[in-house]
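Data first, discussion second: the structure below is written as structure tokens.
Counting convention: from 1, in listed order, for ligands and their atoms alike.
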Amino acid sequence: MNSTNQSLKPLTTKINSAGNIEIGGCDLTALAENYGTPLYVLDEHTVRSVCNDYKKAFSGYEKVNMMYASKALCSMATAALIASEGFGFDVVSSGEIYTVYKAGVDMAKVLFNGNNKSVDELILAVELGVGRISVDNFFELSLLNEIAKSHNKVVDILLRITPGIECHTHEYIQTGHLDSKFGFDLTQIDDAIDLILNNYKNLKLHGLHAHIGSQIFETSIYGDEIEILVKEIARLDEKFGLQLDEINIGGGLGVKYIDTDCPPSVFEIADIIIKRLNDCVERYGINPPVLFLEPGRSIISTAGVTLYTIGSSKQVPKGKTYFAVDGGMADNARPSMYQAEYYAELVNKPEAELSSQVTIAGRFCESGDILIKDIKLPELEEGDILCVYNTGAYNYSMASNYNRVQKPAMVLVNNSQSDIIIKRETLEDLISHDEIPDRLIRK
Ligand code: LLP
């Protein structure tokens, strides 16, 4: 069965009677005109649909906690939307903790990850009652125990481990391989457990956590990960008499950025995960653990597109034809960081005949600010609106103010209605944190 992460475009994308592209019943030319560009557009129906895929796909396993990885896109509206689907949240900073808290999320359904959580962040997590903290290293074990003690609390934790699995994705987004900066090496687990059982009385360990990478297309790798986690749980039971009843296998399922990408469906992945988990539970003789999942990209990427206005162009003699848009690497860092590829269409003439190949350049002052290399589009004119697909994940969340350019707005579309969920930054916003020391103020 297909699932939403396998779609190149939001599910509600169509060409309307005016001949323009619409998403969520909203004409994209009208959105560009009303809200300006660059504009992030997020389709509510697509987000709900992928949440439903996950719920349906994993309904065969009794105890599943879906924790959306907020790092993919974190805002109060998206938190409220995804919480309304029954999901919890994986958060990695006080900013993400505060956002989901202010959005009204049940903090018991929040899990705090990260390899260098600060004292202030851990205190905030403990004070707001974050449900689980996935402890990454020895330093954090001791720090968190102190904080828990000073708050007179016992804090519920998982241990983040490095399972030693290499997945075939971009090197920067692999995380489970052996010399990763994240988590306890398998050889360090026993020392950590010793400390928790004997020294750190304010920590209650529930289970093990791993995350093997992102934009993953391989299916069998999740089976390998489960095998390692369950084997460790069985070993720890035998050695320490410790009955851990939770495993967190992280996120990572890929999406379809361009036509040739073929990510597996949520159903395919769920099938492999559940079968292997049941099989391991039986083989290693443990009680079926609660399964935590932390999907980020696959929940939010497909639902998002970015609208840009075409501006200047340059034809290099005997070389490429560049068209520049009014955004680029500051609103979508992925092409320059990971050589990520994207697909785009012209919103106002989606069906016009494709002409020659062009390169879509960003507006930022770096030669590397190229959004799409060599794409076939209809004849482009200044003022045309370009829709870049699959920008819901790791675009806004990684956006910067490079060149002191304001971050774009984001609108949520559904049933022909559009609502601003993140306001466009203003020039005043840009200088709102600046101070000039008195001695520099011209009298
Ligand atoms: N859980 C943990 C512990 C993670 O580190 C991550 C992502 C996730 C869950 C969610 O993974 P997802 O389902 O989104 O693949 N900026 C990069 C991606 C970095 C992912 C970091 N960790 C990109 O734009 O491709």
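- Ranked by closest heavy atom to atom 15 (O) of ligand 1, the top entry among Ser214, Gly183, Pro295 is Ser214.
- At least one side-chain heavy atom of Val358 sits less than 4.5 Å from a side-chain heavy atom of Ile375.
- When the heavy-atom distances from atom 21 (C) of ligand 1 to Met337, Lys71, Arg334, Met398 are ranked, the shortest goes to Lys71.
- The closest approach between any non-hydrogen atom of Ser298 and ligand 1 is not below 4.0 Å.
- Considering His211, Met67, Gln215, Arg297 only, the shortest heavy-atom separation from atom 11 (O) of ligand 1 involves His211.
- Partners of Lys201 according to the salt bridge (Lys or Arg N to Asp or Glu O under 4.0 Å) rule, which considers only residues two or more places apart in sequence or in another chain, do not exist here.
- Side-chain atoms of Ile212 and Ile249, non-hydrogen and from C-beta on, never get closer than 4.5 Å to each other.
- Side chains of Tyr308 and Ile385 form no contact here, defined as non-hydrogen atoms less than 4.5 Å apart.
- Heavy-atom proximity to Arg160, at under 4.0 Å, picks out these atoms of ligand 1: 3 (C).
- Taking every heavy atom of Glu294 and a limit of under 4.0 angstrom, the matching atoms of ligand 1 come to 1 (N), 2 (C), 3 (C), 8 (C), 9 (C), 10 (C), 13 (O).
- Listed by atom number, the atoms of ligand 1 under 4.0 Å from Ala69 heavy atoms are 8 (C), 9 (C), 10 (C).
- Sorted by first and then second residue, the salt bridge (Lys or Arg N to Asp or Glu O under 4.0 Å) pairs with a member in residues 76-95 read Arg48-Glu85, Lys55-Glu85, Lys71-Asp90; sequence neighbours excluded.
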